[in-house]
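Report on the following structure.
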Amino acid sequence: MAFNKRIKIKALLEDDHLGQSVTVMGWVRTKRSNKNVSFIAINDGSTIKNFQVVADPNQISEDILKKASTGACLKVQGQIVASQGSGQSSELVAQNIEILGEADPDTYPLQPKKHSLEFLREIAHLRIRTNTFGAVFRVRHALAFAVHKYFNDKGFFYIHTPIITASDAEGAGETFKVTTLDLKNPPKTEDGKIDFKADFFERETNLTVSGQLEGELAAMGLGEIYTFGPTFRAENSNTARHLAEFWMIEPEMAFYDAEDNQNLAEEFLKYVISYALENCKDDLDFLDKRAAEEEVSKPADQRNELGLLDRLKFVAENEFQRLTYTEAIEILKNSNQNKKKKFQYLVEKWGVDLQSEHERYLVEKHFKKPVILTDYPKEIKAFYMRQNEDGKTVAAMDILFPGIGEIVGGSQREERLELLVNRMKEMHIPTEEMWWYLDTRRFGATPHAGFGLGFERLVQFVTGMGNIRDVIAFPRTPGHAEF
RNA sequence: UCCUCCUUAGCUCAGUUGGUUAGAGCACAUGACUGUUAAUCAUGGGGUCCUUGGUUCAAGCCCAAGAGGGGGAGCCA
């Protein structure tokens, strides 16, 4: 006998079920009682909205009603009737309530009140039951689904690139080592170094920092591909924008140049944001109100000019501002901020990397819209980016979003073997180990391009959450891996 | 990793110039209430004032070190 003969609250609210006998299962959010009747607000996660259960103490035992406390899980059978109260159009009059799981009110940490995000982060195993995190994770799901839908509809193929890799080729950062060696007593070579020949893969391995290089290989046969997988960086980053384990989307396209790449990235971002706007209305309405309440407590100069929903609509409907690094430097150099020495790092000469205060100025003050910055100096970018005719810059692009900073980093790739090998040597990238990557330039090379999108940063932007640790269920950051 | 701020009841926070028995709201318990919307009203229980050491007649408050957390920066997505 199957247990799950229930109707989800989302379905209950979508159509007219008046007069029907139904079973609802979910968790108690609040209970309000008097001598004659109890009202139980129940939530099953299918929607941010609760459903009101009405329990008559003549029908439901005192013991059951007592155990139906905040956090308890219930199975309620009864009839849907028109509500006598004003907060909802219909409600469930309970004929029978079964307590599936009690939640001792003395020790259950969630209350029907506002908790701080910092407190909820410490109970990440329970925070998924709150309105805010329910909304965030439903939106996160919708965005992930929209990513796949967008690329699938466009004829891209989803490639699973390896989690365990042998190279830190991109130089994207510190890696987590993968080994089965005995850490207390590792085998040594004659000259005293750890003997990775004795390790599982017979070589030194680590968790991936990017699927891009493998993605490029796949694009050289399938044409247009994307990856969407976990990425690991062992950097000691302690910010609201960094995780040690995060999810990255990396499309890679044969026959794309830098401009094609920019067009794709902009269209893609607008698509997934529009998808969320269309499919997550209740959750985004809630998050919009939540963000508006938070704004009030911020100092005036840090407030957003637009609310969350308006911000999303604005990004979805307006062209991104495109400009080169060189143009950006000129704007920054001539800005009042720079002239009045209000930047912590003053912009003086071409070639310096932009600080986040500079990126914020361009996005939030100067253009007031997403910015695609292109053609950076080659010295501050990765070896695989295609060298421009000027000999100084590469065909890089960064997309900067308000409040988030860099959400996308990408480039047209260097497909010319000689130029690529020279650049690798200049940057001390071992060419021998990368023979397979260089083979794509030896055999049937073509212009191609791609980019990486930090999925959690996208979720941050769409949900308006200030800290990246609040848009992934169980965040991994330095010193934190408990759940 | 650096800078900076914070840590008092289950949660959010107040606590004056160092002074005797550390408070509030919410939550919880008990009771009241004929339909509530984070229900309301009354009563009650609840404290390692982050830890360790120091100064002092006296420390929640001052000093030092450590732990945990927030914000900013760097690295990046």
Side-chain angles (χ1 to χ4, degrees), chain A residues 28-41 49-58 66 69-71 81-88 91 93 103-123 130-131 170-174 209-212 230-250 265 298-299 302 343-345 353-357 359-360 380-382 398-401 404-410 451-461 466-470 472 477-480:
Chain A
V28 176
R29 285 296 175 76
T30 64
K31 181 179 63 179
R32 298 173 290 272
S33 301
N34 61 40
K35 213 192 295 184
N36 304 290
V37 65
S38 281
F39 301 96
I40 301 167
K49 290 177 179 162
N50 300 332
F51 204 76
Q52 175 154 288
V53 173
V54 183
D56 181 343
N58 296 318
K66 192 176 163 63
S69 57
T70 299
V81 302
S83 178
Q84 296 172 36
S86 57
Q88 56 283 314
E91 60 195 16
V93 175
D104 179 2
D106 281 334
T107 50
Y108 183 64
L110 290 173
Q111 307 150 29
K113 62 164 271 187
K114 193 162 181 151
H115 291 285
S116 70
L117 294 174
E118 293 79 21
F119 170 69
L120 292 171
R121 224 170 275 154
E122 290 167 17
I123 50 166
T130 64
N131 285 334
E170 198 186 343
E174 293 294 308
V209 294
S210 165
Q212 180 199 317
T231 308
F232 308 89
R233 306 234 172 126
E235 314 229 295
N236 194 7
S237 295
N238 290 287
T239 79
R241 301 178 293 284
H242 287 87
L243 292 165
E245 176 183 288
F246 64 100
W247 289 70
M248 189 153 64
I249 296 144
E250 295 177 288
K298 284 189 195 164
Q302 284 172 32
F343 283 136
Q344 200 184 335
Y345 297 89
D353 210 350
L354 298 180
Q355 305 289 318
S356 37
E357 59 177 343
E359 296 179 349
R360 274 209 310 276
I380 58 175
K381 287 292 177 183
D398 282 2
I399 301 185
L400 311 176
F401 263 32
I404 308 290
E406 185 179 344
I407 196 167
V408 161
F451 60 85
L453 170 88
F455 184 58
E456 280 77 15
R457 289 189 182 172
L458 173 68
V459 181
Q460 262 192 287
F461 180 73
N467 196 312
I468 201 165
R469 294 164 200 190
D470 297 328
I472 187 166
T477 55
H480 293 283

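In what follows, every chain begins at residue 1, and chains take the letters A, B, ... in the order their sequences are listed. Worth saying up front: this structure is predicted, and the values here are computed from it rather than measured.
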Based on Watson-Crick and G-U pairs with both distances under 3.5 Å, what dot-bracket line describes RNA chain B 5' to 3', crossing pairs as [ ] and inter-strand pairs as |? (((((((..((((.....[...)))).(((((.......))))).....(((((..]....))))))))))))....
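A donor-acceptor contact under 3.5 Å is formed by the side chain of A:Gln111 with the base of B:rG10. A:Ser237 contributes no side-chain N or O that forms a donor-acceptor pair with the base of B:rC76 under 3.5 Å. You'll find a donor-acceptor pair under 3.5 Å spanning the side chain of A:Asn238 and the base of B:rU1, going by distance alone. Counting distance only, with no hydrogens placed and no angle test, the side-chain atoms of A:Glu357 and the base atoms of B:rG72 include no donor-acceptor pair under 3.5 Å. Evaluation of atom-type donor-acceptor distances gives a pair under 3.5 Å for the side chain of A:Gln88 against the base of B:rU36. Between the side chain of A:Lys35 and the base of B:rC33 there is no donor-acceptor pair of N/O atoms closer than 3.5 Å. Within 3.5 Å, a donor on the side chain of A:His242 pairs with an acceptor on the base of B:rC76, or the reverse.
Look at A:Arg121 and you'll find a side-chain N or O under 4.0 angstrom from OP1 or OP2 of B:rG70. Side-chain N/O atoms of A:Asn34 include none lying less than 4.0 angstrom from OP1 or OP2 on B:rA32. Close to B:rG74, at under 4.0 Å from its OP1 or OP2, lies a side-chain N or O of A:Ser356. Here A:His480 reaches the OP1 or OP2 of B:rG69: one of its side-chain N or O atoms lies under 4.0 Å away.
Of the P atoms belonging to B:rA58 and B:rC2, the separation is 37 Å, rounded to the nearest Å. B:rC76 sits 29 Å from B:rA67 when the C1' atoms are compared, rounded to a whole Å. Using C1' as the reference atom, B:rG45 and B:rG53 are 35 Å apart when rounded to the nearest Å. Comparing the same atom, P, in B:rA9 and in B:rU55 gives a spacing of 28 Å after rounding to whole Å.
Using modelled atom types, one finds no donor on one side chain facing an acceptor on the other under 3.5 Å when comparing A:His480 with A:Thr477.
For A:Arg457, taking side-chain heavy atoms from C-beta onward, the closest of the listed nucleotides B:rC76, B:rU30, B:rU36 is B:rC76.
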Protein within reach of the bases, or only the backbone? For nucleotides 41-48 of chain B, mark each nucleotide 5' to 3' as B, S or -, using heavy atoms under 4.0 Å. --------
